[in-house]
Visitor: 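Right, I'll just put the structure down here and ask away after.
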Amino acid sequence: MLSVLIWLPIIAAIIIGFYPAKDVSASRIRLVSLIVTGVVLLWNIFILLKFDISNPGMQFTEYLPWNETLGLTYQLGVDGLSILMLVLNSFLTWIAIYSSSKDTERPRLFYSLILLVSGGVAGAFLSENLLLFFLFYELELIPFYLLISIWGGEKRAYAGMKFLIYTAISGALILATFLGMVWLTGSHSFAFDAVATQNISAGMQLVLLAGIVLGFGIKIPLIPFHTWLPDAYVEASTPIAILLGGVLAKLGTYGLLRFGLGMFPQTWHIIAPTLAIWGAISAIYGAVVAIAQKDIKRMVAYSSIGHMGYILLAAAAATPLALVGAVAQMFSHGIILAILFHLVGVIETKVGTRELDKLNGLMSPIRGLPLVSALLVLGGMASAGIPGLTGFIAEFISFQGSFSSFPISTILCVVASGLTAVYFVILLNRTCFGKLQNNLAYYPRVLWNEKVPALILASLIIFLGVQPVWLVRWSETTTTAMVAAIPTTEKTVIAEVALK
């Protein structure tokens with residue numbers, strides 16, 4: 001059942017890439033890719049509806065021996081930590097393909113790479129074997145590099161190479177840590193349940209945990225490992241920016257929870273205060289730097305750093321409510337960032353610029369882009385955590401669950417959330433309002449197919465804001481079990497450190 005989510009897009013990518021006929025139109029290849037990702041999304045929804053929210057463990061498991069000498073097995077499963085991430089991956093992949101131009105150059109390579117990324121990310125979220133996770137984790141590296149370097153902006157080669165280097169370092173750290181975990185535990189398998197990290201000394205656990213945090217911290221990314229993010233997000237085309245921010249970054253936060261907190265509960269309390277401070281600093285930094293930006297796409301890119309800080313804070317707090325908030329924030333941030341990047345792409349296409357100093361009056365009902373502007377306002381409000389939208393409930397749960405453990409860091413993140421409203425007010429005031437210059441003619445009309453992705457995302461943002469139970473119910477049991485695995489004495493230490 002779960003293998004379909006991995007191998008259907010990968011097989012489709014191979015077929016599209018090596019199909020013998022060379023005269024297949026770009027629109028037809030795009031249609032086939034949409035159908036494939038649509039089937040994957042529907043299958044994901046079917047699994048979601050069959051998912052037992054009362055079971056904290058892995059469900060729909062699959063097992064196949066592969067290379068027992070290396071300890072590598074094809075072992076898949078899904079729980080409350082990964083189920084929403086799978087839906088997010090397939091949903092945003094469909095959105096990205098739908099958002100792509102029907103006249104994309106080299107379409108066979110373009111859509112093949114996107115489908116490879118989708119299969120690889122799904123495999124990483126589903127893996128129950130450390131080595132299998134790493135293989136899928138690295139599968140997206142070269143496809144994303146090519147997607148940025150070939151179809152990106154003017155500085156695409158620089159941005160792609162920078163992304164490649166940072167992500168390769170991330171993978172090397174993670175692999176080294178996984179190998180250390182298996183070697184130190186004396187396990188003959190890389191399966192999650194076979195690696196008993198509690199048998200490792202506290203000092204070595206801390207070293208391995210540091211490797212996990214640094215490796216996935218680069219992918220998230222957290223400062224000072226964030227410098228690849230603005231270049232990659234800005235230079236990438238709109239569909240690829242959606243996947244980078246909406247899906248790829250979530251591999252980092254997922255890995256931190258799954259392998260950091262999940263596999264080192266005994267030593268998590270030692271680094272938790274540092275992580276909380278790190279999250280608060282990232283949140284403040286991302287918001288302040290976003291305020292200073294003149295390029296609206298770069299502003300949205302820096303906003304992502306701030307929101308990742310909220311997730312790190314919630315992970316550090318490690319309370320049941322905070323972890324539910326972290327998972328909710330991961331999903332909410334993905335769809336909010338997707339709508340913002342899509343709308344920025346539409347504005348750039350119709351107006352010809354992303355510069356705040358040159359944009360004005362887009363809300364004009366006759367000559368401007370009124371629907372795009374209205375949806376941009378909605379996306380900005382969701383990102384700023386306005387009540388009634390999904391961003392609010394995710395942030396509120398994260399902050400409420402974290403305050404008892406780290407009150408100062410939580411307050412700083414609340415301040416960062418307020419600064420988010422500041423830079424989005426700046427963005428919306430300069431782009432949407434005011435009068436269009438008289439020397440400007442009518443902007444090109446926004447086509448229906450350009451509106452659909454934003455309308456779907458906006459509907460989901462509103463629905464989950466009004467009915468948050470559909471956002472939080474899937475992860476409650478699993479995250480509660482993760483917290484229960486932390487020894488009581490260590491929970492007390494976290495609270496005492498926070499109160500000092």
Visitor: Are the side chain of Trp268 and the backbone N or O of Ala315 linked by a donor-acceptor pair below 3.5 Å?
Guide: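 Yes, the answer is positive, given that a donor and an acceptor are paired below the 3.5 Å cut-off.
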Visitor: Before you tell me yes or no, could you show the steps for Ile47 and Leu5 under side-chain contact (heavy atoms from CB on, under 4.5 Å), namely the whole-Å CA-CA distance, both residues' side-chain angles and the distance that decides it to 0.1 Å?
Guide: CA-CA 10 Å; Ile47 293 174; Leu5 304 177; 3.8 Å; yes
Visitor: Would you name the heavy atoms of Ala382 and Ile461 that are closest together and state the gap between them?
Guide: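 Heavy atoms only, the tightest pair is CB-CG2, 3.8 Å.
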Visitor: Backbone N or O of Leu86 within a donor-acceptor pair of the Ser90 side chain at under 3.5 Å?
Guide: yes
Visitor: Under 6.0 Å between ring centres: does that hold for Tyr233 and Tyr302?
Guide: no
Visitor: Under the side-chain contact (heavy atoms from CB on, under 4.5 Å) rule, what do Ser398 and Leu313 come out as? Steps first, then yes or no, please.
Guide: CA-CA 8 Å; Ser398 298; Leu313 169 68; over 6 Å; no
Visitor: Does atom CZ (Phe396) have a neighbourhood of more than 12 heavy atoms from anything else shown, all under 6.0 Å?
Guide: no
Visitor: Parallel, tilted or perpendicular: which fits the ring planes of Trp470 and Phe463, with parallel below 30° and perpendicular above 60°?
Guide: tilted
Visitor: Restricting to non-hydrogen atoms, name the atom on Phe136 and the atom on Ser127 that form the minimum distance, rounded to 0.1 Å.
Guide: CD1-OG, 3.5 Å
Visitor: Apply the test ring-ring contact (aromatic ring centres under 6.0 Å, His included) to residues Phe190 and Phe134: give CA-CA distance (whole Å), side-chain angles for both, the deciding distance (0.1 Å), then the verdict.
Guide: CA-CA 11 Å; Phe190 282 86; Phe134 175 77; 9.9 Å; no
Visitor: Once you round to the nearest 0.5 Å, how far does CG of Leu455 lie from CG of Leu460?
Guide: 12.5 Å
Visitor: Apply salt bridge (charged side-chain N to carboxylate O under 4.0 Å, His left out) to Arg30 and list each qualifying residue two or more places apart in sequence or on a separate chain.
Guide: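 Here no residue qualifies.
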Visitor: Looking at side-chain heavy atoms only, is the closest gap between Ile148 and Leu244 below 4.5 Å?
Guide: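 The answer is yes, as the side chains (C-beta and beyond) meet within the 4.5 Å cut-off.
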Visitor: Counting C-beta onward and ignoring hydrogens, is there a side-chain heavy-atom pair between Leu173 and Ile218 closer than 4.5 Å?
Guide: yes
Visitor: Mind checking the OG1-OH spacing from Thr420 to Tyr310? Nearest 0.5 Å is all I need.
Guide: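 Reported value, rounded in 0.5 Å steps: 4.0 Å.
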Visitor: Any salt bridge between Glu235 and Lys162, counting N to O under 4.0 Å?
Guide: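 Not counted as a salt bridge, because no side-chain N and carboxylate O are separated by less than 4.0 Å.
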Visitor: Taking atom types as modelled, is there a side-chain donor on Glu395 or Ser417 under 3.5 Å from an acceptor on the other?
Guide: yes
Visitor: Looking at every non-hydrogen atom in both residues, tell me the closest pair between Gly71 and Asn129 and how far apart they are.
Guide: O-ND2, 3.2 Å
Visitor: Within the distance-only criterion (no hydrogens, no angle test), does the side chain of Thr253 pair as donor or acceptor with the backbone N or O of Lys250 below 3.5 angstrom?
Guide: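 Looks like yes, one N/O pair under 3.5 Å.
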Visitor: Just do the side-chain contact (heavy atoms from CB on, under 4.5 Å) check on Leu113 and Trp151 with the steps written out, would you?
Guide: CA-CA 12 Å; Leu113 293 174; Trp151 291 274; 3.9 Å; yes
Visitor: Mind jotting down which residue pairs meet the ring-ring contact (aromatic ring centres under 6.0 Å, His included) criterion with at least one end in residues 29-54? Sequence neighbours excluded, please.
Guide: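 Only Trp43-Phe46 qualify under ring-ring contact (aromatic ring centres under 6.0 Å, His included).
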Visitor: Check whether any side-chain heavy atom of Leu2 sits under 4.5 Å from a side-chain heavy atom of Trp7, and report yes or no.
Guide: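 No, every pair of side-chain atoms sits at 4.5 Å or beyond.
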Visitor: Between CD1 of Ile200 and CE of Met181, what distance do you get to the nearest 0.5 Å?
Guide: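 Answer for the CD1-CE pair, Ile200 versus Met181, is 7.0 Å.
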Visitor: Taking the side chain from Ser100 and the backbone from Ile97, do they hold a donor-acceptor pair closer than 3.5 Å?
Guide: yes
Visitor: Rounded to the nearest 0.5 Å, how far apart are CE of Met204 and OG1 of Thr185?
Guide: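 The distance works out to 11.5 Å.
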Visitor: Going through the distances and angles, do Leu208 and Met263 end up as a side-chain contact (heavy atoms from CB on, under 4.5 Å)?
Guide: CA-CA 10 Å; Leu208 295 172; Met263 301 196 78; over 6 Å; no
Visitor: Would you name the heavy atoms of Leu84 and Phe331 that are closest together and state the gap between them?
Guide: O-CD1, 3.6 Å
Visitor: Side chains of Glu128 and Thr61: any donor to acceptor distance under 3.5 Å?
Guide: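 On atom types as modelled, these side chains do not qualify, holding no pair under 3.5 Å.
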Visitor: Between the side chain of Ser112 and the main-chain N/O of Ile16, is any donor-acceptor distance below 3.5 Å?
Guide: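 Checking the backbone N and O of Ile16 against the side chain of Ser112, no donor-acceptor pair under 3.5 Å is found.
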Visitor: With distance as the sole test, does Ser402 use its side chain to make a donor-acceptor pair with the main-chain N or O of Phe399 at under 3.5 Å?
Guide: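 No, because the side chain of Ser402 does not come within donor-acceptor range (under 3.5 Å) of the backbone of Phe399.
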Visitor: OG of Ser99 to CH2 of Trp94: how many Å apart, nearest 0.5 Å?
Guide: 8.5 Å
Visitor: To the nearest 0.5 angstrom, please state how far the CZ atom of Phe91 sits from the CD1 atom of Ile45.
Guide: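 Between atom CZ of Phe91 and atom CD1 of Ile45 there are 9.0 Å.
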Visitor: Got Val32 and Val24 here, is their nearest side-chain heavy-atom distance under 4.5 Å?
Guide: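 A side-chain contact under 4.5 Å is absent here.
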Visitor: Examine the side chains of Thr478 and Asp79 and answer whether a donor and an acceptor come within less than 3.5 Å of each other.
Guide: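 No.
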Visitor: What I want to check is whether the side chains of Ser54 and Asp52 have a donor and an acceptor closer together than 3.5 Å.
Guide: yes
Visitor: Is a donor on one side and an acceptor on the other found under 3.5 Å between the side chain of Glu62 and the backbone of Met1?
Guide: yes
Visitor: So, for Leu141 and Phe163, which heavy atoms are closest and what is the spacing to 0.1 Å?
Guide: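 What the structure gives for the nearest pair is O-CE2, 3.8 Å.
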Visitor: Quick check: does any side chain N or O of His307 sit under 3.5 Å from a backbone N or O of Ser383, one acting as donor and the other as acceptor?
Guide: yes
Visitor: If we ignore angles and hydrogens, is there a donor and acceptor under 3.5 Å between the side chains of Ser170 and Tyr137?
Guide: yes
Visitor: Can you see which heavy atom on Gly379 is nearest to which on Leu340, and at what distance?
Guide: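 The answer is C-CD2, 3.8 Å.
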Visitor: Are Phe125 and Tyr254 close enough that their ring centers fall under 6.0 Å?
Guide: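 Centroid distance Phe125-Tyr254: below 6.0 Å, so yes.
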Visitor: Do the side chains of Thr479 and Leu257 get nearer than 4.5 Å, heavy atoms only?
Guide: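 Leu257 does not reach Thr479 side chain to side chain.
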Visitor: Can you confirm whether more than 12 heavy atoms, excluding those of Arg473, are under 6.0 Å from its CZ atom?
Guide: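 Atom CZ in Arg473 is crowded, with more than 12 foreign heavy atoms closer than 6.0 Å.
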Visitor: Taking the side chain as every heavy atom from C-beta outward, state whether Val346 and Thr238 have any atom pair closer than 4.5 Å.
Guide: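 No, too far: nothing below the 4.5 Å cut-off.
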Visitor: Contact between Val40 and Val4 at the side-chain level, heavy atoms closer than 4.5 Å - yes or no?
Guide: no
Visitor: Evaluate the ring planes of Phe216 and Phe259, with Trp represented by its six-membered ring, and classify them as parallel (under 30°), tilted (30 to 60°) or perpendicular (over 60°).
Guide: parallel
Visitor: Compare all side-chain heavy atoms of Gln400 with those of Leu321 and state whether any distance is below 4.5 angstrom.
Guide: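 When only atoms from C-beta onward are counted, Leu321 and Gln400 do touch, with a gap below 4.5 Å.
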Visitor: Apply side-chain hydrogen bond (donor to acceptor under 3.5 Å, both in side chains) to residues Thr167 and Tyr145 and explain how you reach the verdict.
Guide: CA-CA 10 Å; Thr167 308; Tyr145 164 72; over 6 Å; no
